[in-house]
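Throughout, a chain's letter reflects where its sequence line sits, starting with A, and its residues are numbered from 1.
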There are 2 protein chains.
Amino acid sequence: MTVTSVHDPSHREALWELEDAFERGDLISVFGRCTVSYEGRAASDLGAGDRLLVLKPDGAALVHTDEGRQPVNWQPPGSEHHAAVRGGQLRVRSTRTNPDETLTVRFERVHHLSAMAVTGGRDLTLHGSEEDLRTRILERPELVEPGFEPRETERPSSAGPMDVFGVDADGTPVVVELKRRRVGPDAVGQLARYVRALKEELGADERDGDDPPTVRGVLVAPSITDRAAERLADRGFDHVALEPTPEE
Amino acid sequence: MTVTSVHDPSHREALWELEDAFERGDLISVFGRCTVSYEGRAASDLGAGDRLLVLKPDGAALVHTDEGRQPVNWQPPGSEHHAAVRGGQLRVRSTRTNPDETLTVRFERVHHLSAMAVTGGRDLTLHGSEEDLRTRILERPELVEPGFEPRETERPSSAGPMDVFGVDADGTPVVVELKRRRVGPDAVGQLARYVRALKEELGADERDGDDPPTVRGVLVAPSITDRAAERLADRGFDHVALEPTPEE
DNA sequence: GACTTGATTTCGGAG
DNA sequence: CTCCGAAGTCAAGTC
């Protein structure tokens, strides 16, 4: 592991260091005053200001200001970085194809540049995802409702794969839609599509009426918005309040 | 503008610099070997490895590896940064409430730390957004279809505001849903909700049948997926292929 | 490749 | 504050 670092370099010095760092496959951090322009899926321009430019060996480029989790401008992985001195500025350009897009950062002044080779240690273990919620339900189906029996996960349908498919205590088919957090109306629409697709597939009676539905829909989520609850009630579906992980 | 930079500092040195930088409201970049743990909306752990930690004065914290546009771990703006030396490690912790979540980065070694005061120059001008598409249609309604007359944008409905509301050459109400890029089935569902809400509001005949629909739905997007086209046809809606900006 | 969906989505706007 | 939908969403898995 070696760190390169230059303070207040000339454009030409910065250029050398950048090209060496590209060559080594380093992770690069550049502080400086720059303008940024992007052209591709959309187009944008950003006037002069102090920012942090991060360049990754996989082609990703990030321009960060002092605010926000999101970079103000960026280029996705798979791009190629190029640097040059043009018109008294240090120009760093990241380009990719499919779609064609280019990010150009023009430094009028580089305050600091550092670079480091980075390898390994990229595996993140994450708990509390939707998959954890599915696991939890498969292990304890009664959390959905007494008598619920899961039959299949990711069951295919014409509307796409449904999260969990099973039957209730009466043997009625149940489509379960899982969400790891509070949901809005869109989740109800998604559930409705699965239920409709399954009804069609099973040749079930599609009439609305006093007859109990032949396919049930259950939305499992920690909580739902009022509008989602309305739409859920309209469709005759149920909500089960459940966290992706047991309460501490 | 001043840049602070320390190379291979001791934990205590790094701590001093960090606390000064917090005080100054600097944008901070730290290279080092660290472990990362997160607990909040979910929970995660990341083993030892070389990474780049970015700390922003607005409370945002980003842990970047050598790959990907996304940070491997992060904390949103509004958090508070704290640093301390504990157990022979430099511990940087970002905490926020609502929801309660904490990101902890433990450095066993800091390779490089730099910090810079950053102000201003945060305004990005972006072209090619959905709003540009709306503007384009309002200026040239015939791009939707000959005789189309926009009447209102963001027209409220019980299903939320619709992008563009207008009437066609026959005076039939038209709900227009705008998407700046290729869309899937979800957009059709969204459009359907608006159309349904408007039909109810207008007290229009909701029967499906051979009667022409009393409210039309038009999806304006550069292109749509096959499944979206199916659902569009099911509902009797139309697709108009249009880019958010004129072709170059 | 296109397509679909989840995400610690983030972000901005409206109520 | 909550709710809602856009985003240059990104990223992963499937087909």
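Rounded to a whole Å, the NE2 atom of B/His64 is 14 Å from the C1' atom of D/dA11. Here the C1' atom of nucleotide D/dC10 and the CG atom of B/Leu62 are 15 Å apart, to the nearest Å. In this entry the distance linking CG of B/Asp132 with P of D/dG8 reads 11 Å, nearest Å. Distance CD1 (B/Ile224) to P (C/dC3): 10 Å, rounded to an integer number of Å. Distance B/Arg155 CZ to C/dA14 P: 18 Å, rounded to the nearest Å. Rounded to an integer number of Å, the gap from A/Leu46 CG to D/dG8 C1' is 14 Å. Between the P atom of C/dC3 and the CG atom of B/Asp226 lies a distance of 6 Å, rounded to the nearest Å.
Counting heavy atoms of neighbouring residues, nucleotides and ligands inside a 6.0 Å radius, atom CD of A/Glu131 does not exceed 12 of them. Around CD of B/Glu154, the count of heavy atoms belonging to other residues, nucleotides or ligands within 6.0 Å exceeds 12.
Residue-to-nucleotide contacts include no donor-acceptor pair under 3.5 Å from the side chain of B/Glu177 to the base of D/dG5. Between the base of C/dT5 and the side chain of B/Asp186 there is no donor-acceptor pair shorter than 3.5 Å.
Atom CG of A/Asp45 is separated from atom CG of B/Leu124 by 8.0 Å, given to the nearest 0.5 angstrom. B/Arg136 contributes atom CZ, which lies 4.5 Å from atom CG of B/Leu242 (distance to the nearest 0.5 angstrom).
Distances were taken from every side-chain heavy atom of B/Thr225 (C-beta onward) to each of C/dC3, D/dC4, D/dA7; the shortest belongs to C/dC3. Comparing C/dT5, D/dG8, D/dA6 against the side chain of A/Gln190 picks out C/dT5 as the nearest.
No side-chain donor-acceptor contact under 3.5 Å links B/Thr35 and B/Arg106. Under 3.5 Å, the side chains of A/Ser129 and A/Asp132 contain a donor-acceptor pair of N or O atoms. Side chains of A/Thr104 and A/Arg93: a donor-acceptor N/O pair is present below 3.5 angstrom, by distance only.
Counting non-hydrogen atoms under 4.0 angstrom, B/Arg134 reaches nothing in the nucleic acid. Residue contacts for A/Ala187: at a heavy-atom cut-off of 4.0 Å it reaches no nucleic acid atom on any strand shown. As judged by a 4.0 angstrom heavy-atom cut-off over every strand, A/Ala60 is placed among residues making no nucleic acid contact. The residue A/Ser129 sits close only to the backbone: its heavy atoms come under 4.0 Å of sugar-phosphate atoms, none of a base.
Side-chain contact check for A/Lys56 versus B/Asp66: every heavy-atom pair is 4.5 Å or farther apart. Within the 4.5 Å cutoff, the side chain of B/Glu101 has no heavy atoms near those of the B/Ser79 side chain.
Looking at which nucleotide of DNA chain D each of A/Val72 and B/Gly160 is closest to, the 5′-most match is held by B/Gly160. Where A/Arg182 and B/Gly128 meet DNA chain D, the nucleotide closest to each residue was compared, and A/Arg182 sits on the side nearer the 5' end. Taking the nucleotide of DNA chain C with the nearest heavy atom to each of B/Tyr38 and A/Tyr194, the more 5' of the two is matched to A/Tyr194.
Remark: B/Asn98 is in phosphate contact with D/dC1, judged by side-chain N or O atoms under 4.0 Å from OP1 or OP2. Under 4.0 angstrom from either OP1 or OP2 of C/dC3 there lies no side-chain N or O belonging to B/Arg227.
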Below 3.5 Å is the cut-off: list the nitrogen or oxygen pairs between protein and nucleotides 9-13 of chain C, distance only.
| from | atom 1 | to | atom 2 | distance (Å) |
| --- | --- | --- | --- | --- |
| C/dT9 | OP1 | A/Arg181 | NH1 | 2.8 |
| C/dT9 | OP2 | A/Arg180 | NH1 | 2.3 |
| C/dT10 | OP1 | B/Arg41 | NH1 | 3.4 |
| C/dT10 | OP1 | B/Arg41 | NH2 | 2.9 |
| C/dT10 | OP1 | B/Trp74 | NE1 | 2.9 |
| C/dT10 | OP2 | B/Arg41 | NH1 | 2.7 |
| C/dC11 | OP1 | A/Arg69 | N | 2.8 |
| C/dC11 | OP1 | A/Gln70 | N | 2.9 |

So A/Arg134 and A/Asp163, salt bridge (Lys or Arg N to Asp or Glu O under 4.0 Å) or not? Walk me through it. CA-CA 8 Å; A/Arg134 178 168 60 230; A/Asp163 289 335; 5.0 Å; no

Kindly determine whether A/Arg33 and A/Glu108 satisfy salt bridge (Lys or Arg N to Asp or Glu O under 4.0 Å), including the steps that lead there. CA-CA 6 Å; A/Arg33 184 174 171 82; A/Glu108 67 181 56; 3.0 Å; yes

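Spacing of P atoms, C/dT5 relative to D/dG8, comes out at 22 Å, to the nearest Å. Distance noted for atom P between D/dG5 and C/dT8: 22 Å (whole Å).
Pairs of Watson-Crick or G-U wobble type, with distances under 3.5 Å, assemble into runs of 3 or more in DNA chain D at these ranges: C:1-7 with D:9-15, C:9-15 with D:1-7.
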